[in-house]
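Working notes, structure below.
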Amino acid sequence: MKKFFVTMCMLLTMLVLAACSRGNGDPINITQHDPPPNQNATNQDDTIASYQQNITQPLVSEPLSGNLTISAFDSALMGPFLEQAAELFTYRHPGVSITVDVFSAVPEVMEIELEDGTMGHVMTMTGGPHESRDYINQINTELMSGRGPDILSLDILPFHRYAQVGQLANLREFMDNDQSFNINDYRPNILDAISTNNELYMFPITIDFRYLAFDSSLLTNQQDTLTARHAFTFEELFDIARPFLGHTRAGGYDHRMIAMQEMQLFTSMLDLYQSYFIDIGNRRANFTDGVFVEMLNQIQDYIAAGYLQERWEENMSMIGGTAATQRYFYRLNSALMLFNEFNRDDENRMSMDFGVGITDDDLVAGLLGNSLGHVPFSLGGRHGGAAFGINANSPNQELAWEFIKFLSSDALIEILRPPGGIPLYVSALEHMAQMWATGQFFTGANERSELALTAVEQARVDAYMETVNRFMDMFNTFNVTDTIIRDMVLEAVRDYWAGDISAHDLANRLQSSVHLVLNE
Amino acid sequence: MRMTWPIGCKAVSTWFSMNSIKRHAGLLFILPGLMGFVLFYLLPFMVSVWYSFMSRPAGGEFVGLSNYIDLLQSPAYRLGLRNTLVFMGLSVPLNMILSLVAAMLIKNTGRFKPHFVLIFLIPLVIPSGAMVFFWRMFFSSDGFLNNILSSLGFEGVNWLNSEYSMFTLLIIFVWKNLGFNLVLFLSGLSNVPKEYYEAAKTDGAGVLRTTISITLPCLMPITVIVLLMSIINSFKVFREVYLLMGAYPNHSVYMLQHFMNNNFFSLNYPRLTSATTLLSAAMAVITWGLIWLERKASHD
């Protein structure tokens with residue numbers, strides 16, 4: 001019996017040793033994420049080939065060299081953009097090798113039969129919330145172990161937390177030491193708003209905002225006031241339109257102040273006052289001084305007065321293509337649609353309408369601001385922005401900075417469409433506006449001709465740039481998105497709209513919860 | 001042909017000789033487990049302790065006790081510590097008293113004893129996910145409990161996100177852990193010599209006197225073990241709280257584990273590691289104290 005136990009013991013030990021030694025040589029199976037999608041592969045190849053044909057030699061006198069790794073979550077837009085940009089960059093700098101690591105699952109593209117019998121394609125995003133959590137956990141682990149990619153696409157990553165624990169390089173130092181970098185080309189007020197204590201940890205290549213448009217046929221005599229390109233508060237806007245609300249409820253139309261439902265209005269107001277309610281830098285919450293409760297009460301008043309967009313379930317006539325029974329004094333539109341406001345008379349103009357979108361009577365008013373003078377902007381992109389940071393542990397920080405600059409350059413904008421809103425680089429934005437004006441924005445690079453604008457087209461570009469520049473100069477607040485706090489606020493507010501909690505209790509609950517998160 | 005071993009090989013061959021293996025059999029048996037313990041518990045813990053003195057894990061600098069001072073000044077840590085102590089102070093005695101009473105009652109149920117034990121053990125084998133699903137249905141605003149209350153004319157209570165959440169947790173904890181303590185107490189009760197009870201009965205002692213003078217003193221060693229296990233289990237309640245109420249529950253049930261879990265995700269590793277070091281030290285002291293108490297009780 002003793003021999004049996006001794007033999008078993010030896011076998012067990014050998015088994016353990018064998019299991020331990022296996023890790024030395026054998027590959028370990030790890031989850032392989034699908035490579036980024038290669039949609040429109042032919043178009044991409046054509047685009048890059050066209051670019052390469054126009055450049056017979058590298059464009060810089062001192063070609064760069066080294067290896068870079070870039071990590072991004074989004075495989076649908078950001079992944080292909082970075083891959084193509086990397087290819088172009090390495091063409092300019094043959095000594096550079098760039099690895100783009102994209103995490104999310106590739107969208108599924110399915111062929112379906114349309115109503116008219118033709119075949120179409122439907123793209124389905126396959127990833128879920130767990131996928132983004134897995135990605136953040138992976139990057140967290142890599143960063144905290146002293147490794148990680150050289151460049152981080154901060155699309156869904158909590159950059160402010162990385163910055164707080166010193167995992168991101170301060171980009172101000174690169175900007176100050178780079179002779180070729182002129183901050184005035186990149187809108188200093190935007191970069192200042194993103195900075196904390198003069199330290200900048202992410203560099204956006206595009207930014208997003210929503211501009212305010214108004215129906216000039218409903219507010220005929222207020223055009224001078226509204227087209228002044230100011231930052232308006234919701235109160236100011238509604239005060240201007242209030243006298244006309246009753247008079248215009250005629251002709252079969254149900255007129256409303258703004259094309260928003262209560263939750264959309266709440267998130268808009270939260271965006272306006274976020275830096276007041278949630279001071280991430282100083283770790284303070286400020287929900288209980290009455291401003292938050294007043295905001296909720298204000299929204300309730302707007303609902304009661306019939307200012308907001310009616311819900312579909314409350315107005316069945318909106319289903320089935322009769323949404324036009326409601327008309328709105330004001331709309332908020334994406335920055336990407338702003339150029340449409342300046343080429344109305346162009347029959348080839350890009351046209352997008354999402355039910356409550358641009359009408360021929362719409363005119364550009366200005367931006368939304370709050371009563372404290374804050375005019376916030378955000379980062380664009382499907383997952384929250386096209387902004388990049390440099391890993392503080394990276395040995396290739398100089399090269400990483402060069403690549404980030406390249407991502408924002410007009411040379412790249414000419415070839416690729418960066419995800420998100422409109423380019424931060426002034427020259428790149430103007431270049432993009434010229435392509436919009438000439439209709440070359442949606443053509444492949446190999447189909448484009450020399451940008452020769454007619455006088456009319458140039459006038460449109462000038463008007464657009466004047467407005468955009470004015471808007472850009474007005475921005476002074478960047479809302480740091482902390483998904484934990486935002487989800488917490490939105491979940492609590494849903495309880496409020498459901499009637500489960502009073503405004504006062506909600507404010508107290510958020511005050512303690514947000515304060516706890518900020519001070520953990 | 002006789003083989004000649006080099007000196008090194010001879011030493012190895014001597015160590016692996018059958019007699020030597022017999023002598024070291026115990027060590028070899030324990031080796032796999034010991035290796036796992038050292039690799040996956042001890043070494044990471046030592047690294048974690050080292051991190052608690054650094055400004056950040058990778059490329060950080062030594063900051064002495066700064067992280068601990070920062071930790072003790074953190075209101076979130078103090079809140080978690082207070083709630084953990086309150087929960088422990090309420091749940092451990094409650095669970096021990098209820099399980100002891102239940103064990104003493106079940107002990108005298110004769111042939112139904114295994115059935116009762118089985119009923120109390122069922123919560124132990126139900127997976128946490130399924131259990132949480134049930135409790136969520138039971139305690140949610142429009143759940144079973146509030147429906148009963150409203151049918152009786154009372155106002156519903158937000159059991160999962162209010163000051164009542166601690167009460168909810170106590171119920172869940174007792175429900176889940178009562179069976180475990182009950183089995184331990186039953187084994188302790190079965191070890192009390194029957195002669196003691198017979199002598200007490202002869203002397204005319206009643207149930208209360210017998211319980212106070214015989215049962216409880218004889219149960220002292222097992223009571224210390226139950227106390228230790230209850231304290232350890234009270235820390236494990238975090239899994240249910242997290243699944244039921246999320247990473248940021250009501251302030252009344254924000255535990256130390258919430259603090260540590262959230263600091264892990266917010267990458268505040270210095271604070272996280274100093275919190276885990278303090279917690280481990282506290283647990284080690286408590287465990288050592290209870291083991292000492294158990295030995296003392298056994299000897300007495």
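Lettering follows sequence order; numbering is per chain, from 1. The model shown is predicted, which means the values in this text are computed figures rather than measured ones.
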Under a 4.5 Å cutoff for heavy-atom pairs, which residue among Glu520(A), Arg161(A), Met144(A), Gln164(A) has the most contacts with chain B?
Glu520(A)
Ionic contact status for Arg494(A) with Asp500(A), cut-off 4.0 Å:
no
Using side-chain heavy atoms (C-beta onward) and a distance below 4.5 Å, is Ile278(A) in contact with Arg486(A)?
no
So what's closer than 4.5 Å to chain B heavy atoms on Arg147(A): side chain, backbone, both or neither?
neither
Is it the backbone or the side chain of Phe265(B) that comes under 4.5 Å from a heavy atom of chain A, or both, or neither?
both
Pick one of side chain, backbone, both or neither for Ser145(A), based on which atoms fall under 4.5 Å of a heavy atom in chain B.
backbone
Does the side chain of Tyr496(A) come under 3.5 Å of the side chain of Gln300(A) through a donor N or O and an acceptor N or O?
yes
For the interface with chain A, which of Ala76(B), Ala247(B), Pro270(B) has the highest count of heavy-atom pairs at distances below 4.5 Å?
Ala76(B)
Quick check on Ser266(B) against chain A: is it the side chain, the backbone, both or neither that has a heavy atom closer than 4.5 Å?
both
Would you mind checking which part of Asn158(B) comes under 4.5 Å of any heavy atom in chain A, side chain (CB onward), backbone (N, CA, C, O), both or neither?
neither
Which answer fits Phe259(B), side chain, backbone, both or neither, if we ask what part of it has an atom under 4.5 Å from a heavy atom of chain A?
both
If only side-chain N and O atoms count, and only distance matters, is there a donor-acceptor pair under 3.5 Å linking Asn391(A) with Gln167(A)?
no
Do you see a donor-acceptor pair shorter than 3.5 Å between the side chains of Asn263(B) and Tyr269(B)?
no
So, do Pro149(A) and Ile70(A) sit near enough that their side-chain heavy atoms are less than 4.5 Å apart?
no
Under 3.5 Å, side-chain donor or acceptor atoms of residues 126-139 of chain B against the rest of the protein: list the pairs with distances, not counting sequence neighbours.
from	atom 1	to	atom 2	distance (Å)
Ser128(B)	OG	Arg239(B)	NE	3.2
Ser128(B)	OG	Glu240(B)	OE2	3.1
Arg136(B)	NH2	Leu243(B)	O	2.8

Go through Asn140(A), Leu143(A), Asn137(A), Ile136(A) and name the one with the most non-hydrogen pairs under 4.5 angstrom from chain B.
Asn140(A)
